[in-house]
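Note sheet for the following structure.
Computation of the quantities below employed the complete heavy-atom set of this structure, encompassing side-chain atoms and omitting hydrogens, waters and symmetry-equivalent molecules. Just follow the structure's listing: the first ligand is 1, and inside any ligand the first atom is 1.
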Amino acid sequence: MSANSRTAMLPGSFDPPTNGHIDIIERSACLYEKLYVVVADNVQKQCLFTPDERMEMLRQILQSHQNIEVVSYRGLVVDFAREHEVGVMIRGVRALVDFGYEFELAMTNKQLNPSLEVLFLPTSPKYFQLRSSAIKEMAAYGADISPMVPPLVVQMMRKRIKLLTL
Ligand code: ADP
């Protein structure tokens, strides 16, 4: 087994992190010696939280896991993988609609970095409907999002939405 195949990454926007994200991260971390959670610093995507805020939330939520490192990255995930000797990229899939998109992305990434393997991990049934975009919308209309995100995210969302509606 090469060093690369013992290190995995799980990239995403995490805007904000949900219980579905945390579940997939924790399950992935059990499979590898080291897991990078890579917060996309994507200039084209409008996010509710800055990359630093998303990274800080994930760091606090995941602080008890010694083999998880949360970082942010501006650039292609395949380049992050090369720079950090990552052999495996994990993507969570919730439903068939995710799969079509993820499959195309995997094909593109394989062309860009043939040594990076992509693995799809199905969501846990209780989280299959959780989506950051839907959670932001529900929170904006005052719905209780506490069953869907960690307590720290509930607090951060309350503060951010209050600021936006002032
Ligand atoms: P989204 O905005 O759709 O929640 P992200 O880019 O933040 O997506 O997701 C990062 C990774 O986490 C992706 O691989 C995504 O498929 C996965 N993911 C997101 N929500 C869930 C969930 N509820 N269950 C499993 N995986 C998930």
Side-chain angles (χ1 to χ4, degrees), residues 7-32 34-62 65 67-81 84 86-110 112-113 116-140 143-154 156-157 160-161:
T7 304
M9 68 191 284
L10 206 156
S13 305
F14 308 105
D15 186 49
T18 69
N19 290 341
H21 287 133
I22 302 307
D23 173 67
I24 212 97
I25 291 169
E26 288 179 333
R27 285 164 55 209
S28 302
C30 290
L31 301 173
Y32 290 91
K34 179 171 177 105
L35 178 74
Y36 287 103
V37 175
V38 183
V39 175
D41 181 357
N42 185 340
V43 274
Q44 279 158 344
K45 201 167 170 184
Q46 269 234 314
C47 287
L48 186 61
F49 295 102
T50 65
D52 282 350
E53 288 171 329
R54 286 177 268 148
M55 201 168 60
E56 199 41 49
M57 282 189 267
L58 283 164
R59 279 188 180 155
Q60 285 195 37
I61 296 162
L62 298 164
H65 298 272
N67 67 333
I68 298 179
E69 190 175 337
V70 184
V71 295
S72 80
Y73 189 71
R74 181 176 288 186
L76 297 173
V77 285
V78 288
D79 292 333
F80 179 91
H84 294 81
V86 172
V88 177
M89 173 159 78
I90 301 175
R91 298 288 294 172
V93 281
R94 285 160 289 207
L96 215 54
V97 284
D98 277 353
F99 188 76
Y101 169 76
E102 290 295 339
F103 188 80
E104 277 186 28
L105 199 62
M107 295 300 105
T108 307
N109 284 331
K110 194 74 185 160
L112 294 172
N113 182 350
L116 180 66
E117 293 299 350
V118 178
L119 290 189
F120 297 140
L121 205 55
T123 183
S124 299
K126 59 182 171 174
Y127 300 125
F128 88 100
Q129 85 292 16
L130 290 189
R131 218 165 268 280
S132 297
S133 51
I135 287 172
K136 280 185 278 193
E137 198 174 340
M138 285 187 265
D144 177 18
I145 57 163
S146 60
M148 305 166 204
V149 297
L152 172 68
V153 177
V154 177
M156 291 288 288
M157 289 285 286
R160 183 55 40 96
I161 283 164

Show every donor-acceptor pair shorter than 3.5 Å between a side-chain atom in residues 118-126 and any protein atom, with sequence neighbours excluded, or say none if there are none.
from, atom 1, to, atom 2, distance (Å)
Ser124, OG, Asp23, OD1, 3.4
Ser124, OG, Asp23, OD2, 2.6
Ser124, OG, Arg27, NH1, 3.1

Can you confirm whether [X] sits close enough to [Y] that some side-chain heavy atom of one is under 4.5 Å from a side-chain heavy atom of the other?
{"X": "Ile24", "Y": "Arg91", "value": "no"}
{"X": "Met157", "Y": "Leu48", "value": "yes"}
{"X": "Leu58", "Y": "Phe14", "value": "yes"}
{"X": "Tyr32", "Y": "Thr7", "value": "no"}

With no hydrogens and no angle check, do the side chains of Thr50 and Asp52 hold a donor and an acceptor under 3.5 Å apart? no

Who's touching ligand 1 if we go heavy atoms under 4.0 Å? Leu10, Pro11, Gly12, Ser13, Phe14, Gly20, His21, Ile24, Arg91, Gly92, Arg94, Thr123, Tyr127, Leu130, Ser132

